[in-house]
K.L.:
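Supplied in structure tokens, the structure appears directly below.
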Amino acid sequence: MQGRKNFKDERQLLFSLSAHVPEHNFYRRLKDRIDLSFLYELTAPYYGKCGQQSIDPVVFFKLCLISYLENIVSDRKLIEHCSLRLDLLYFLDYQLDESLPWHSTVSRTRKLFPEQLFETLFDKVFSLCV
């Protein structure tokens with residue numbers, strides 16, 4: 001008898017990203033080995049004290065790193081790419097049902113930092129990965 005698969009959207013989903021990203025996955029190993037908490041102190045002077053909460057600087061630099069490693073030059077494509085990959089969501093500390101930052105937020109955040117600071121911090125993040 002021929003089977004037929006019918007998709008039914010879940011109303012509630014219990015799902016653990018960490019259980020579905022293999023131990024040998026590159027981004028899982030990277031997440032376990034690098035500590036980017038130093039970014040909070042170095043980027044704090046460039047954020048305001050009031051208004052809407054901005055993108056987490058650690059998430060921003062992780063997105064920049066993914067963009068570099070995956071050879072993605074468009075912020076729009078970067079966010080789309082990350083939203084489709086479990087390992088990247090896990091690396092960014094996002095859940096399946098949690099929205100990633102808007103691509104325009106990533107672009108504006110990149111412009112927030114002076115070019116020299118951005119390059120210095122990105123080089124430091126990249127050297128930690130190496």
K.L.:
Might you confirm whether atom CD of E41 has over 12 heavy atoms from other residues, nucleotides or ligands at distances under 6.0 Å?
P.N.:
no
K.L.:
Quick one: are I34 and C129 in side-chain contact, heavy atoms under 4.5 Å?
P.N.:
yes
K.L.:
Find out whether L63 and L100 are in side-chain contact, i.e. whether some heavy atom of one side chain is under 4.5 Å from a heavy atom of the other.
P.N.:
no
K.L.:
Please tell me whether W102 and L89 are part of a single hydrophobic cluster in this structure, the criterion being side-chain heavy atoms less than 4.5 Å apart.
P.N.:
no
K.L.:
Counting C-beta onward and ignoring hydrogens, is there a side-chain heavy-atom pair between L121 and F60 closer than 4.5 Å?
P.N.:
no
K.L.:
Search all heavy atoms of D35 against all heavy atoms of L128 and return the closest pair with its distance.
P.N.:
O-CD1, 4.1 Å
K.L.:
To the nearest 0.5 Å, what is the distance between CG on L42 and OG on S37?
P.N.:
10.0 Å
K.L.:
Going by atom type alone, with no hydrogens or angles, which donor-acceptor pairs under 3.5 Å involve a side-chain atom of residues 109-119 and a protein atom two or more places apart or on another chain?
P.N.:
| residue | atom | partner | partner atom | Å |
| --- | --- | --- | --- | --- |
| T109 | OG1 | T105 | O | 2.7 |
| R110 | NH1 | D75 | OD1 | 3.4 |
| R110 | NH1 | D75 | OD2 | 2.9 |
| R110 | NH2 | D75 | OD1 | 3.2 |

K.L.:
Counting only heavy atoms not in R76 (residues, nucleotides, ligands), do more than 12 fall under 6.0 Å from its CZ?
P.N.:
no
K.L.:
Please report the shortest heavy-atom distance between L17 and Q95, naming the atom on each side.
P.N.:
CD1-CA, 4.2 Å
K.L.:
Drop me the distance from D93's CG to K31's NZ, to the nearest 0.5 angstrom.
P.N.:
3.5 Å
K.L.:
Any pair with a residue in residues 65-97 that passes ring-ring contact (aromatic ring centres under 6.0 Å, His included), sequence neighbours left out, goes on the list, sorted by first then second residue, please.
P.N.:
Y27-F91, Y68-F122, Y68-F126
K.L.:
Check salt bridge (charged side-chain N to carboxylate O under 4.0 Å, His left out) between D56 and all other residues, then give those that pass, not counting sequence neighbours.
P.N.:
none
K.L.:
Measure from the side-chain N and O atoms of R28 to the backbone N and O of S18, and report whether any donor-acceptor pair falls under 3.5 Å.
P.N.:
yes
K.L.:
Please report the interatomic distance OG(S16) to CG(L96), rounded to the nearest 0.5 Å.
P.N.:
9.5 Å
K.L.:
For the atom pair CG (N71) and CD1 (I66), what is the distance rounded to the nearest 0.5 Å?
P.N.:
14.0 Å
K.L.:
Going only through I, L, V, M, F, W and Y residues with side-chain contacts under 4.5 Å, is there a path from Y40 to F38?
P.N.:
yes
K.L.:
Is there a side-chain contact between L86 and N25 in this structure, where contact means two heavy atoms from C-beta onward sitting under 4.5 Å apart?
P.N.:
no
K.L.:
Locate the shortest heavy-atom distance separating R29 from E23; write the atom from each residue and the value.
P.N.:
CG-O, 3.5 Å
